[in-house]
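A short worksheet on the structure shown next.
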Amino acid sequence: MVFCILALSNCFSYRPSRDAQSFNKLFKQLYGLLTNHQHLLKLCEIRWKVDMRVEIVQVFAALVVAIIASPISTSSHVVHEKRSVPPRRWSRHSRLHPATVLPIRIGLTQQNLHRAEEFINQVSHPESSQYGQHWSPKKVAETFAPSQDTLDTVMSWLSASGIELNRVKFSLSGTWIMLNATASEAENLLRAEYHLYKQQNGYYHIACDEYSIPSHLSKHIDIITPTVHFDRRIGAPRRLQHPDDLPLPLRGLNKRMTKRRTTTPHGIMGSPEDASNPKKGAAITNALMTLENCDTMITPACLRALYHAPLGSTAVKNNSLGIVEYTPEAFLQSDLDMWFREFSPSQVGQSPITKLIDGAVVQTQNQSFGFNGESSLDLQYGMSLVHPQTTTLFQVGDLVEGASFNNFLDAIDATYCTFDGGDSKNPTVDAQYPDTLPGGFDGPLACGAVASTNVLSTSYSSNEADLTAKYEERQCMEYMKLGLQGVSILYSSGDFGVAGEGGECIDAGTGTYNNGTSGLFTPSFPGTCPYVTSVGATMIMNGSTVRNPESAAELVIFSGGGFSNVFSMPSYQQKALDSYFAHNAPPYGADRFNNSQKARGYPDVSANGVNYVVAVDGDFSLVFGTSASTPTFASLINLINEKRIAAKKSPVGFLNPALYANPQVLNDVTTGGNQGCGTAGFESTTGWDPVTGLGTPNFPAMLDLFMGLP
Ligand SMILES: *[C@@H]1O[C@H](CO)[C@@H](O)[C@H](O)[C@H]1NC(C)=O
Ligand SMILES: *[C@@H]1O[C@H](CO)[C@@H](O)[C@H](O)[C@H]1NC(C)=O
Ligand SMILES: *[C@@H]1O[C@H](CO)[C@@H](O)[C@H](O)[C@H]1NC(C)=O
Ligand SMILES: *[C@@H]1O[C@H](CO)[C@@H](O)[C@H](O)[C@H]1NC(C)=O
Ligand SMILES: *[C@@H]1O[C@H](CO)[C@@H](O)[C@H](O)[C@H]1NC(C)=O
Ligand SMILES: *[C@@H]1O[C@H](CO)[C@@H](O)[C@H](O)[C@H]1NC(C)=O
């Protein structure tokens, strides 16, 4: 190894400018002479003044350049992320051509995230004097921005690795570094081996099994993409038909690799095969409003009776209920009207306020339960339960690419977004806009384009095992930031009990998914993120009434629940989980679930999810799912916000600390289980449990609690 120390007398410090163009030009000038030195180890700094003038404020004594015999020693590299469970239905296809250009995104660690729990408790713990004093977007952005030290360290590494810094761009928020690099450059940089992966039905994805970075960078980098991540894209998947249809980075690929898509793959969210869709039961020809049939037919009247919730009576400003749907899933106005005529006549003709994100369309050309069931359910119940308050539909993704949770988060939060793809950064997974495919949306990616509502109900989810921990942690922190800003985020917990999203468990030997009759339980995501409210499902027992206690859902579906393999127990859950393990320890070991007693447990709460009467494609039928429970719970929270706003208080925001500190405001559910993976699953029991959480809403008690808070 040859070290060559060069001393340069002029050296500057840099700061990523708001004016990215000038910044890049500056780098071009200053480092033009250095680009030959492929192994620049340490750059010094250039200080960039915001007034658009470059001012050399500091002259360092020396710039230490170490030119090391190529390649740089691997000794300091440590594995940063590794995929242990191969994604469902994907197999390795071929080694990626070294000249393929990859859009590399380096997610920088943010400051103060270690204080996330402290901050969120300040605004959402009932004993906090600052309860309800939510943060401005500006305060959130400033508090969590990456540090100068992080920026400097990562830039030095890139430069030392032979990446000319004029190729590097920053996201607007400063949290992402972006770079187009060839596969061969990326493989050198990350000590990784890139492969093309193929899904059964002809979809392709670029990934590596693991990647490494120098150890001193571990604390500065969250994640790098594209690498090990296989996000679960929602909606219509990308059709790879002809090389010219491919997104630019893939165009160098061999034509053999681009087969025509023949069928819709199983499991893409928003598609008819999506496992998080609600489940269809019997057709109903005699939909009844009477409370005597709630054990076989749930209607809004049954839900109001169960939870002692009133009919809505007011519509204060800025309190629309938010429902999120992913294209091609869509509602039909004729179904809304058919259902309103039966259950809420004054709403006939009403539509949600529709926000179309990333070229979304509320499509009507494909109609079936798979295309319309979720939207019909969410909107019919949400709209009627909050009426006369409005409902806002966030319809996300175009018909060609669809979208992922990250696309939606970009759209409601500019600080999560960047000018070049945002946190929706993986072009073969998260949807990229403009969409270069035929018929795709050719407008820009929505970035802070729509305002969030106070409550967001999402009845879609995936498995923790589908994504990497770092990817999930980063997305989870975004939910925390929305919570700080006063948004309540509710996700369905899944419909397959302990067997995750789709009835699959994990083979402990191979780490792969099996057919769901044995193996490790599969926790769902985002439900295990400690900053969302995960909603499980209950039912009225056959022969019981709305006056009897409900049981965990055990008809058609089983309430998703369990313990995270990624997220540790938040402080608000400590008491509830300690008590659960002390009095009701489940009869399983580490061969089934994370039994450390230190993991985040889910769901948090539950609501009825069995036998909903829904109008879909011109017929009434029974519908089942935590997909039903989630908009129901969210609607009741929206009614509480209604009262708080009328009383000049803030919306409730993140719910969990207040609910766990006051479990008496929920009806404890103590019977039923959530079977799966060849077991009976967990059992509902006194107190919190990983089947029905704290229980179902006792609306008057919940209202009292939240109205009593500042
Ligand atoms: C990467 O290349 C694409 C296509 O040429 C371009 O649109 C994009 O701006 C480039 N990104 C960066 C960070 O240079
Ligand atoms: C409420 O709505 C008004 C416009 O109607 C808007 O200016 C304001 O920012 C909104 N406030 C919140 C908290 O969303
Ligand atoms: C939707 O309908 C169109 C037109 O009939 C058809 O070409 C397309 O394949 C359908 N999409 C799905 C996912 O079934
Ligand atoms: C699931 O897999 C197990 C073990 O491989 C096998 O014994 C069982 O028959 C399978 N069950 C189904 C329903 O496919
Ligand atoms: C409910 O109970 C009645 C009477 O015992 C029975 O006839 C009916 O099949 C049951 N329904 C379901 C869905 O189990
Ligand atoms: C269980 O959860 C704890 C706490 O979050 C975590 O440290 C541990 O790695 C998890 N164990 C497994 C096997 O996932």
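Start at 1 and go down the list; that is how both ligands and their atoms are numbered. None of the values given here were measured: they were computed from a predicted structure.
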Margin query: Under a 3.5 Å distance rule, please check whether R600 uses its side chain to pair with a backbone N or O of S564 as donor and acceptor.
Written below: no
Item checked: Flag, side chain of Y211 to backbone of I224, donor-acceptor distance under 3.5 Å ->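 Judged by distance alone, yes, a pair lies under 3.5 Å.
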Item checked: ring pair (Phe, Tyr, Trp, His ring centres under 6.0 Å) partner of F405, chosen from Y491, F525, Y479 ->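 In the set Y491, F525, Y479, the residue that makes a ring pair (Phe, Tyr, Trp, His ring centres under 6.0 Å) with F405 is Y491.
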Notebook entry, point to check: Measuring from each atom of ligand 6, which residues have a heavy atom under 4.0 Å away?
Noted result: N565, F567, S568, N594, S596, K598, A599
Check: Going by the angle between their ring planes, with limits at 30° and 60°, are F563 and F593 parallel, tilted or perpendicular?
Finding: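 The rings of F563 and F593 sit tilted, inter-plane angle from 30° to 60°.
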Note to self: Ring-plane angle category for Y471 and H229, please: parallel below 30°, perpendicular beyond 60°, tilted otherwise.
What the structure shows: tilted
Notebook entry, point to check: For ligand 1, is there an N or O atom under 3.5 Å from any N or O atom of N180?
Noted result: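 Yes.
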Next item on the list: Give yes or no for whether the N/O distance cutoff of 3.5 Å, strictly under, is met between R167 and ligand 1.
Entry: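 N/O-N/O distance under 3.5 Å: no.
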Check: Of all the atoms in ligand 4, which lie at a distance below 4.0 Å from a heavy atom belonging to T517?
Finding: 1 (C), 2 (O), 3 (C)
Check: Do K279 and D495 sit within salt-bridge range, that is, some charged N less than 4.0 Å from a carboxylate O?
Finding: yes
Checklist line | Sole candidate of H220, Q110, K219 that passes side chain to side chain donor-acceptor pair (under 3.5 Å) when paired with T150 | finding: H220
